[in-house]
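Data block below; observations after.
Counting starts at 1 for both ligands and their atoms, following the listed order.
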Amino acid sequence: MKRVFIDTDPGTDDALALIVALNSPELDVEGVTTVGGNATLADTTRNALRLLDHLGSDAPVSRGAARPLRGRFEYAYHVHGAAGLGVRLPRPRAKPTTERAAERILRAASERRGDLTLIALGPLTNVARAMRREPRLAEWVEEVVIMGGAVEAPGNVTPHAEFNVYNDPEAAQEVLTSGAQARLIGLDVTMKLHLSRNGAPWAAGGSVSAGLANRVLGSWFRTHPSSCRYHLHDVLAVAAVVEPGLLQYKRARAGVETRDPERRGKTSAVYSGGPVRVAVDVDAGRARELVRERLSASFHLAAGR
Ligand code: RIB
Ligand code: CA
């Protein structure tokens, strides 16, 4: 069982990633921290609370950054829909912790030295702020698994930059050069994994998870009538923690362009060894099979957690 913290900006693919994480007995989701990005911090935090409550998880949610280290977030409501999720969920019983995300991450990593994996599914602002506060975080975490970047692939915000890194390039640069063991799961591989419009129902069976996954995906395809594919960016990052063999990696030193306005947010890698494993290929067939299975199941409900 791998102890994980999930830093997230839900977001429809973040929502699917949370379902997969909570339904994977290989993972113990100790906490969730929220960040702005796909939507405002208020929306991503509300979405995280409602998603976890709906899925029967008691993982605490701690609010993080409403702005990047420099500038402001460029939100993606046009991608993720109303309030950043596109589907309405009941008001949650839980409230966010009073402790903020950076402190929560530091406290958990300090208590779990070497036995905590951070899964970052949004801009890396919270992780960077925690590292600025306590640089030893880079040694305390087992690894930081990042959905972000586009090394050999084009970006999805500019030709060079992927959304999470584009929204806080300084944070991504600081985390990737912190010396922490990291996995960079970028568009190089996530653009190879999608669900198709005509694949509905995407999750099988009558579980709460399957119902929610199908609602999120159904809403997304309805609001994007010209799109035939839904890319599982954040879902693949979580799946890669569940089943590391899904991806092939090359060890590298990675960095992010922060000064050149045209290339700002571009991730680059020098493949000469280093603390960052850049994902370069994916077993898409196995990944799709695993994702479908975990979107459909309800392990944690079965386990009575
Ligand atoms: O580029 C894809 C990433 O940006 C995903 O994390 C998605 O949720 C958005 O945050
Ligand atoms: Ca995300």
For a quick check under 3.5 Å, do His231 and Thr190 share a side-chain donor-acceptor pair by atom type?
no

Assess the side chains of His233 and Asp13: does a donor N or O sit below 3.5 Å from an acceptor N or O?
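There is no such pair between these side chains.
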
Proximity to ligand 1 by part of Leu121, non-hydrogen separation under 4.0 Å
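For Leu121, only backbone atoms sit under 4.0 Å from ligand 1.
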
For atom 10 (O) of ligand 1, which candidate among Asn164, Asp13, Asp14, Thr12 provides the closest heavy atom?
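It is Asn164 whose heavy atom sits nearest to atom 10 (O) of ligand 1.
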
What I'd like to find out is whether the side chain of Asp28 reaches to under 4.5 Å of the side chain of Val4, using heavy atoms alone.
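Not touching, per the 4.5 Å side-chain cut-off.
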
Which heavy atom of the protein is the closest neighbour of [atom], given with residue, atom name and distance?
{"atom": "atom 9 (C) of ligand 1", "value": "Asn38 OD1, 3.2 Å"}
{"atom": "atom 6 (O) of ligand 1", "value": "Asp234 OD1, 2.6 Å"}
{"atom": "atom 4 (O) of ligand 1", "value": "Phe163 CD2, 3.2 Å"}

Testing the basics here: between Val291 and Val20, what is the closest heavy-atom pair and its distance to 0.1 Å?
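Distance-wise, the nearest heavy atoms are O-CG2, 4.5 Å.
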
So if I count the atoms of ligand 1 from 1 in the order they appear, which ones are less than 4.0 Å from some heavy atom of Glu162?
1 (O), 2 (C), 3 (C), 4 (O)

What atoms in ligand 1 come closer than 4.0 Å to a heavy atom of Asn156?
1 (O), 2 (C)

Exam field: side chain Ser24 to backbone Val242, donor-acceptor pair closer than 3.5 Å:
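No: the side chain of Ser24 does not pair with the backbone of Val242.
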
May I ask you to check if any N/O/S atom from Asp9 comes under 3.0 Å of the Ca ion (ligand 2)?
yes

Leu121 backbone or side-chain N/O/S under 3.0 Å from the Ca ion (ligand 2):
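So Leu121 does bind the Ca ion (ligand 2) by this criterion.
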
Which N/O/S atom belongs to Asp234 and is the closest one to the Ca ion (ligand 2)?
OD2

